[in-house]
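Here's the structure, in structure tokens; my notes come after.
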There are 2 protein chains.
Amino acid sequence: MTHSDKRAYFFKIDSTIKRIRSFMQKNLTDANIDLTVDQWVVLDHIVPNAGISQNELGTLICKDAPTITRILDILVKKELIVRKMSDMDRRKFILELTPQGKELHKKAFAIIANGRKKSWENLSDKDYDDLVRIMDTIYANVD
Amino acid sequence: MTHSDKRAYFFKIDSTIKRIRSFMQKNLTDANIDLTVDQWVVLDHIVPNAGISQNELGTLICKDAPTITRILDILVKKELIVRKMSDMDRRKFILELTPQGKELHKKAFAIIANGRKKSWENLSDKDYDDLVRIMDTIYANVD
DNA sequence: GTTCAAATATTGTCATGGCAACTATTATTT
DNA sequence: AAATAATAGTTGCCATGACAATATTTGAAC
């Protein structure tokens with residue numbers, strides 16, 4: 001890798017991820033879905049993990065505890081999820097989607113899936129494997 | 001690309017970039033350099049572009065005008081850069097590093113260069129080319 | 001030359017992210 | 001059992017990012 005290449009790679013990834021986020025956000029907004037991309041990520045990870053705690057959710061989606069708290073506050077206010085006290089451990093909350101939450105998740109999923117498809121056009125399965133390997137390698141290098 | 005792969009790629013990139021940023025930040029902080037990663041990026045792009053305007057800088061590093069304004073406010077307060085009025089166009093500022101700014105940039109550069117090297121271990125030139133191509137393709141897809 | 005449109009920068013609001021401090025609860029140690 | 005440590009979650013502060021609104025200045029149209 002040349003010197004100038006080394007300079008650019010953080011910035012390259014950073015600007016691309018910002019652009020993808022903005023694209024996904026626009027798709028959601030255009031579909032009249034009142035969710036940010038991060039709120040979507042949270043919703044989408046509660047669905048297959050009903051009853052998950054806030055900490056577990058944070059670990060799962062790489063967000064720290066304060067960020068989880070604040071996103072959940074918003075989702076509760078929007079009546080998309082509920083925090084239930086855990087009987088086992090009264091420090092914990094049990095997270096679940098409301099009926100409206102499930103409905104909105106379903107609607108948003110179609111939009112997001114379409115966005116993922118469009119954003120990956122002209123790229124192959126091997127590209128995907130390479131991307132994952134490169135991301136995982138960097139992740140391990142900076143751990 | 002399989003369904004489950006499609007689901008994961010935004011999140012994969014997002015969490016990796018967060019980790020890289022945190023790694024670079026720790027390197028700076030450990031070296032007693034009072035700069036955030038984004039403040040570093042701004043400084044580092046004024047150096048080879050002395051006299052650049054705020055808008056041009058924003059375009060260069062993919063940050064919007066308000067973000068540039070606020071990061072520059074901080075850098076001015078830290079006495080690392082100065083905003084000079086443009087004689088050609090009184091709407092514009094001309095950005096330059098102070099002597100302290102140049103000194104800190106030099107010190108930070110060594111830290112960042114080392115971090116880049118470490119973060120890219122076990123990856124090849126071809127990996128870099130692939131990463132850039134994939135990022136550019138996605139960027140174009142969502143444009 | 002005045003009017004209108006565009007460009008530059010700033011400010012405001014809200015969402016997210018990192019960090020530290022804090023409360024409440026549970027687990028461990030003795 | 002009491003003291004201590006660890007865990008779960010919240011709140012505060014500041015930096016960044018997206019978006020909208022604004023002021024100032026410049027450029028274009030007439």
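Here is the naming used below: chain letters follow the sequence lines, and residue numbers restart at 1 for every chain.
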Checking contacts here: which listed nucleotide (C/dT8, C/dT11, C/dA15) is nearest the side-chain heavy atoms of B/Asn55?
C/dT8
Of B/Arg90 and B/Thr67, the one whose closest nucleotide on DNA chain D sits nearer the 5' end is B/Thr67
5' priority, DNA chain D, between A/Arg19 and A/Arg91 [closest heavy atom]
A/Arg91
Presence of B/Lys18 side-chain N/O under 4.0 Å of C/dG17 phosphate oxygens OP1/OP2
yes
Side chains of B/His105 and B/Ile46 in contact at under 4.5 Å (non-hydrogen atoms):
no
Measure the acute angle between the ring planes of A/His45 and B/Phe11, then classify it against the limits of 30° and 60° as parallel, tilted or perpendicular.
tilted
How would you label the contact of A/Ser22 with the nucleic acid (heavy atoms, under 4.0 Å): base, sugar-phosphate, or nothing?
nothing
Kindly indicate whether the side chain of A/Thr69, heavy atoms from C-beta on, has any atom under 4.5 Å from the side chain of A/Asp64.
no
State, with a plain yes or no, whether a side-chain heavy atom of B/Ile13 is found less than 4.5 Å away from one of A/Leu131.
yes
Residue B/Pro66, side-chain heavy atoms: nucleotide from C/dG17, C/dA9, D/dA20 that is nearest:
D/dA20
Of the listed nucleotides (D/dT16, C/dT10, D/dG9), which one gets closest to any side-chain atom of B/Thr69?
C/dT10
I need the CG-P distance between A/Asp73 and C/dT16, as an integer number of Å.
11 Å
Are A/Asp136 and B/Lys12 close enough that some pair of their side-chain heavy atoms sits under 4.5 Å apart?
yes
Check this one for me: any side-chain N or O of B/Arg83 less than 4.0 Å away from OP1 or OP2 of C/dT8?
no
For B/Gln39, which contact category applies under a 4.0 Å heavy-atom criterion: base, sugar-phosphate, or nothing?
sugar-phosphate
Taken to the nearest whole Å, CD/A/Glu56 to C1'/D/dT7 is 12 Å
Roughly how many Å is it from CZ in B/Phe10 to C1' in C/dT16, rounded to a whole number?
12 Å
Reckon B/Asp64 touches a base, only the sugar-phosphate, or nothing at all at heavy-atom distances under 4.0 Å?
base
Which nucleotide sits closest to the side chain of A/Gln54: D/dT16, C/dA9, D/dG9?
D/dG9
Quick one: does A/Ile74's side chain get under 4.5 Å of A/Lys78's, heavy atoms only?
yes
Can you measure B/Leu35 atom CG to C/dG18 atom P for me and round it to whole angstrom units?
18 Å
Looking only at the side chain of A/Lys92 (C-beta and beyond, no hydrogens), which of the listed nucleotides C/dG17, D/dA15, D/dA8 gets closest?
D/dA8
In the structure I gave you, are the side-chain heavy atoms of B/Ile81 and B/Glu96 within less than 4.5 Å of one another anywhere?
no
Across the strands shown, which category fits A/Asp89 at heavy-atom distances under 4.0 angstrom: base, sugar-phosphate, nothing?
sugar-phosphate
Can you measure B/Ile61 atom CD1 to D/dA18 atom C1' for me and round it to whole angstrom units?
16 Å
Of B/Ser53 and B/Arg70, the one whose nearest nucleotide on DNA chain C sits closer to the 5' end is B/Ser53
Anything under 30° is parallel, anything over 60° is perpendicular, the rest tilted; go ahead and classify B/Phe109 against B/Trp40.
tilted
Of the options D/dT10, D/dA15, C/dC19, whose atoms approach the side-chain atoms of A/Ala65 most closely?
D/dT10
Taking the nucleotide of DNA chain C with the closest heavy atom to each, which residue, A/Lys78 or B/Arg21, is nearer the 5' end?
A/Lys78
Length of the CG-P vector between A/Leu57 and D/dT10, whole Å:
12 Å
Send over the distance from A/Lys84 NZ to D/dG9 P, rounded to a whole Å.
16 Å
Selection: residues 134-143 of chain A, any non-hydrogen atom under 4.0 Å of DNA chain D:
none
Which is true for B/Ile68 with a 4.0 Å heavy-atom rule: it touches a base, it touches only sugar-phosphate, or it touches nothing?
nothing
Would you say a side-chain N or O of A/Lys63 is under 4.0 Å from OP1 or OP2 of C/dG17?
yes
Quick one: does A/Asn122's side chain get under 4.5 Å of B/Asn141's, heavy atoms only?
yes
Spacing between A/Asp38 atom CG and D/dA18 atom C1', to the nearest angstrom
12 Å
